[in-house]
Amino acid sequence: MNLAPNLSLPAVEPVIRLENIERSFGAVQALRGISLSLTPGRALALVGESGCGKTTCARIIARMDRPTSGRLSFRGRDATATGTREEERAYRRDVQMVFQDPFSSLNPVFSIDHHLSRPVLLHRHAEGKAGVAEAVSTLLADVGLDPAVTRQKYPHELSGGQRQRVNIARALAVQPRVLVADEPTSMLDVSIRLGILELLARIKRERSLALFYITHDIATAAHVAEEIVVMFAGQMVEWGDTEAVIADARHPYTQLLLSAVPDGARPFIIGESARFLERAEKVRALSRPTSTAVEQVGKNHFVRALAAQN
Amino acid sequence: MSDTLLQIRNLEVDYLLDKGAFRAVKNVSFDIGRGEIFGLAGESGCGKSTIAFAITRLAKSPAWIAGGEILLDGRDLLKLPEGEMQKVRWRRVGMVFQSAMNSLNPLMRVEAQFHDVLHRHTGATRAQSRERAEAMFKLVGIPTGRLSDYPHQFSGGMRQRIVIAICLALQPELIIMDEPTTALDVVVQREILEQVIDLQRSHGFSVLFITHDLHLMAQLCHRIGVMLKGELVEVGEVRQVSGAPAHDYTRRLWNAIPQLPGRPELAGGVA
């Protein structure tokens, strides 16, 4: 158990580190022993099925929820307990979130300009009317929107993809160090998903942001993140460098997940359904019990051993 | 033409807006053979769901079928009186939508929902419905003991399978599946669709499968149609649409979905 599931090599100091985070809702253990770090300029993807605890984990990082036990450190300092007003404010400034639904996360009665000037003013990133206006224009241009056209528009006048860009701009307006993106593309059209993913990858690079990307789609995770954590039933089952995890998946759940990604080159075989269902059920049953044994299978590639079967 | 089940001929659907009519489906024609799985691909707003609603005549105002024919076994569904159409819906043409799992009545046990459908369409008694429901549950791999549960006691994937089971209970000749697994994760999606393929083979129904994911579509369909802005820009065998797409948009659609690294490129590898 003493192989610390350390996600990042200690070359760069992590911004946020979770150590052994547990979260229970009554009898349900939503998170079991989550340990991971977010590093500037790198993306970490958390992948798993609905209900596996991905969003709970994001909420804890964004401070919308508290862990039942475990330690959360922020820039090297323990931030598990609620700090002073000033500390909380600093934390929230540094950790921003982009939500799944681009339609409900903007206020329909305010213009885009209002949505973006408010955080700029609130966090005093610009002064004076001209200063704020310029900051807003820069933000819009940064996320690939034309400031002249977009500023005065209202959310309903934008497409889903444009709204998601505004949401990203709103998060960036605060000048965070960490961006938590919870399924940012799952409600968008196929043809614009890639654009949003590329935008996230670019701002991460340019601004040295730590990106925490949550998804159920392991293929998009591979597209944006250097590191990947596969989660099942509240436990991290396999994690490490994206390439290693995908090319050499060791945990049966990761293998199942990879085999289920649609692949046009491999048609379904008639008569296979019973076998696939049986396999999926078996893997789920095997992966569910709590296991504390972690094996290091590569430089940065870890697998949780299956709990012993009797 | 006994092996063609559904023929869509020059279908045109308008949405009536303040500014006039917006043509959502433009002169679309295609056939679905008996026992064929036909895929309709395209991004949101391209008109693919509008076609699904037009076939079952469930398109609601302001949608308006402006022209064309929808022939089921040679009979034009657009000309049937509403009473006749009600006999076609579910009985001959079943429907499973993206949010179908939320269309189960939360206040009724699943068993009662089976009976509701079976009684209405076939006049089945409670005992007959129960027997049929048990057979359908076995078919989609849910323990029959759970028939007396309420919808909220099932996971999303199971609810979607229940809707498919209710749909199959009437043995329709055509099932329209509009993004049936988009709200589910990939493993559950695979579980459901593998079952659909096997059931299709054993029961011989036809499927109109609508999705934006060409890769998924290529795994289970026999033929694929690609829609762009209301027009059917390409129709062909899976092998042709995936290996040598004729239309530029089809190629773009192939490349729109991030693939796992290391997988062979489809669509001729054109980026």
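Computed from a prediction, not measured in an experiment: that's the story for all the values here. Chain letters run A, B, ... following the sequence lines, proteins first and then strands; every chain starts at 1.
Neither the backbone nor the side chain of B:Leu214 comes within less than 4.5 Å of any heavy atom in chain A. Proximity to chain B is limited to the side chain of A:Ile246, based on heavy atoms less than 4.5 angstrom apart. Residue B:Gln189 touches chain A through its side chain alone, counting heavy-atom pairs closer than 4.5 Å. Neither the backbone nor the side chain of A:Thr242 has a heavy atom closer than 4.5 Å to any heavy atom of chain B.
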inquiry  = With side-chain contact (heavy atoms from CB on, under 4.5 Å) as the criterion, how do B:Val186 and A:Ile218 come out once you've worked through the C-alpha distance, each side chain's angles and the decisive distance to 0.1 Å?
reply    = CA-CA 9 Å; B:Val186 283; A:Ile218 195 165; 5.8 Å; no

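Highest contact tally toward chain A, considering only B:Ile192, B:Leu193, B:Ile257, B:Val188, is held by B:Leu193 [criterion: heavy-atom pairs under 4.5 Å]. Here A:Leu258 is the residue among A:Val283, A:Leu258, A:Ile269 with the most heavy-atom pairs under 4.5 Å with chain B.
With a 6.0 Å radius and a threshold of 12 heavy atoms from other residues, nucleotides or ligands, A:Arg275 has its CZ atom at or below the threshold. Heavy atoms from other residues, nucleotides or ligands lying under 6.0 Å from CD of A:Glu157 number more than 12. In the displayed structure, A:Gln255 atom CD is contacted under 6.0 Å by more than 12 heavy atoms of other residues, nucleotides or ligands.
Using a 4.5 Å cut-off on side-chain heavy atoms (C-beta onward), A:Glu49 and B:Val187 make no contact. B:Ile197 places none of its side-chain heavy atoms less than 4.5 Å from the side chain of A:Ser273.
With sequence neighbours excluded, the residues forming a salt bridge (Lys or Arg N to Asp or Glu O under 4.0 Å) with B:Asp14 are B:Arg23, listed by chain and number.
The minimum heavy-atom distance between B:Pro258 and A:Ala219, with the atom names listed, is O-CB, 3.4 Å. Residues B:Pro261 and A:Ala222 share a closest heavy-atom pair of CD-CB, 3.7 Å.
Side-chain atoms of B:Gln219 come within 3.5 Å of backbone N or O of A:Asp263 as a donor-acceptor pair.
Residue-level contacts of residues 162-180 of chain B with chain A do not occur; threshold 4.5 Å between heavy atoms. Scanning residues 192-201 of chain A against chain B with a 4.5 Å heavy-atom cutoff picks out A:Arg193, A:Leu194, A:Leu197, ordered by number.
Every pair passing salt bridge (charged side-chain N to carboxylate O under 4.0 Å, His left out) that includes a residue from residues 184-206 of chain B is listed here, sequence neighbours excluded: A:Arg284-B:Glu191, B:Arg161-B:Glu191, B:Arg190-B:Glu194.
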